[in-house]
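Residue numbers start at 1 and run along the sequence shown.
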Amino acid sequence: EHPEDEDNNARYLYRAASLEYRMDRYSGAASLLESLLENYRNHSLAAEGTHLLASIYEDKLQAAPVAQTIYKIFREVFPKYPDLESIDAKIDDKTLEIHLDELYQNIFDAQSGMLNPVNGTHYFQSIENLALLSPNYAGMPELLLKAAETARTMRSFNKTLELYAMVMD
């Protein structure tokens, strides 16, 4: 109703996501938090929303690789977040580049050559969230193209179009 009211729009998205979370609608909460990051990345609630998003992926959606991607870029994006210690405690010892490369390498099963849909989904969700948090990340257009091709291979055409649109922005 009021697209120019960025402060209240961001607060609304965060509150709606919190409500979805409390109602055990974790995918809906994640989607709202991703909208918060896409549209209001510089808002004061963006860091808290990102922390909640990572915890939803890790604890509720069983998508630890996606959460790991978010945790790994968190410090760079939100260096003044008051609870960085809890974020740091969740990060493994791999660099973000190695983490993303391993996700990409695991899209197809090494023995059978078959697509692993869970790993493919983790890959394109990781790249999508990385693009929302750090759109100027080195090599982002190429990563988004690989993620879009992964989604296309999985026949997730709506996600493919979303990822291609992110490349164009």
Leu133 and Phe78: CA distance, side-chain angles, deciding distance, side chain to side chain contact (heavy atoms under 4.5 Å, CB included) verdict: CA-CA 10 Å; Leu133 288 165; Phe78 304 110; 3.9 Å; yes

ring-ring contact (aromatic ring centres under 6.0 Å, His included): pairs with one or both residues in residues 13-34, sequence neighbours excluded: Tyr21-Tyr26

Residue pairs passing the ring-ring contact (aromatic ring centres under 6.0 Å, His included) test where at least one lies in residues 93-122, sequence neighbours excluded: Tyr104-Tyr123

Nearest non-hydrogen partners of Leu96 and Ile73, listed with the distance: CD2-CD1, 4.1 Å

Set of residues satisfying ring-ring contact (aromatic ring centres under 6.0 Å, His included) with respect to His51, sequence neighbours excluded: Tyr81

Pairing residues for Asp101 by the salt bridge (Lys or Arg N to Asp or Glu O under 4.0 Å) criterion, not counting sequence neighbours: none

Spacing of Thr153 atom OG1 and Ile107 atom CD1 [to the nearest 0.5 Å]: 8.0 Å

Minimum heavy-atom distance between Ala30 and Leu61, given as atom pair plus value: CB-CD1, 4.3 Å

Gln68 (side chain) donor-acceptor with Lys90 (main chain) under 3.5 angstrom: yes

For Ala10 against Leu45, the heavy-atom pair lying closest together: O-CD1, 4.4 Å

Side-chain touch Leu144/Ile127, heavy atoms, less than 4.5 angstrom: yes

Donor-acceptor pair, side chain of Thr150 and main chain of Lys146, under 3.5 angstrom: yes

Sequence-distant partners of Glu38, salt bridge (Lys or Arg N to Asp or Glu O under 4.0 Å), two or more places apart: none

For the student: nearest non-hydrogen atoms of Pro141 and Val167, plus distance: O-CG2, 4.1 Å

pair Ile87-Arg75: side-chain heavy atoms closer than 4.5 Å: no

Leu36 side, atom CG; Ser31 side, atom OG - distance, nearest 0.5 Å: 11.5 Å

Donor-acceptor contact below 3.5 Å, side chain Asn119 vs main chain Asn106: yes

Closest heavy-atom pair and its distance - Ser126, Leu100: CB-CD2, 4.3 Å

Pairs involving residues 137-169, ordered by first then second residue, that meet ring-ring contact (aromatic ring centres under 6.0 Å, His included) (sequence neighbours left out): none

Qualifying residues under salt bridge (Lys or Arg N to Asp or Glu O under 4.0 Å), relative to Glu149, sequence neighbours excluded: Arg152

Residues that Arg11 engages under salt bridge (Lys or Arg N to Asp or Glu O under 4.0 Å), provided they are two or more places apart: Asp7

Any residue meeting side-chain hydrogen bond (donor to acceptor under 3.5 Å, both in side chains) with Glu34, in chain and number order, not counting sequence neighbours: Tyr57, Asn129

Nonpolar side-chain network containing Leu19, other nodes, edges under 4.5 Å: Met23

pair Lys72-Lys94: side-chain heavy atoms closer than 4.5 Å: yes

Check: Leu84 and Phe74 side chains under 4.5 Å, non-hydrogen atoms: yes

Minimum side-chain heavy-atom gap Leu53-Ile70 below 4.5 Å: yes

Partner residues of Ser18 under the side-chain hydrogen bond (donor to acceptor under 3.5 Å, both in side chains) criterion, sequence neighbours left out: none

Pair Leu33-Thr50, side chain to side chain contact (heavy atoms under 4.5 Å, CB included): steps then yes or no: CA-CA 7 Å; Leu33 291 168; Thr50 301; over 6 Å; no

Leu52/Ile56 under side chain to side chain contact (heavy atoms under 4.5 Å, CB included): CA gap, chis, key distance, verdict: CA-CA 6 Å; Leu52 178 58; Ile56 289 171; 4.0 Å; yes

Side chain proximity check, Arg41 to Pro135, heavy atoms < 4.5 angstrom: yes

Atom of Ala46, atom of Tyr40 and distance for their closest heavy-atom approach: CB-O, 3.8 Å

Donor-acceptor contact below 3.5 Å, side chain Ser134 vs main chain Leu130: no

Stepwise side chain to side chain contact (heavy atoms under 4.5 Å, CB included) check, Glu128 with Glu162: CA-CA 9 Å; Glu128 179 180 32; Glu162 289 174 26; 3.7 Å; yes

Trace of the salt bridge (charged side-chain N to carboxylate O under 4.0 Å, His left out) decision for Lys60 with Asp24: CA-CA 9 Å; Lys60 305 300 183 184; Asp24 297 334; over 6 Å; no

side-chain hydrogen bond (donor to acceptor under 3.5 Å, both in side chains) against Asn8, all qualifying residues, sequence neighbours excluded: Asp5

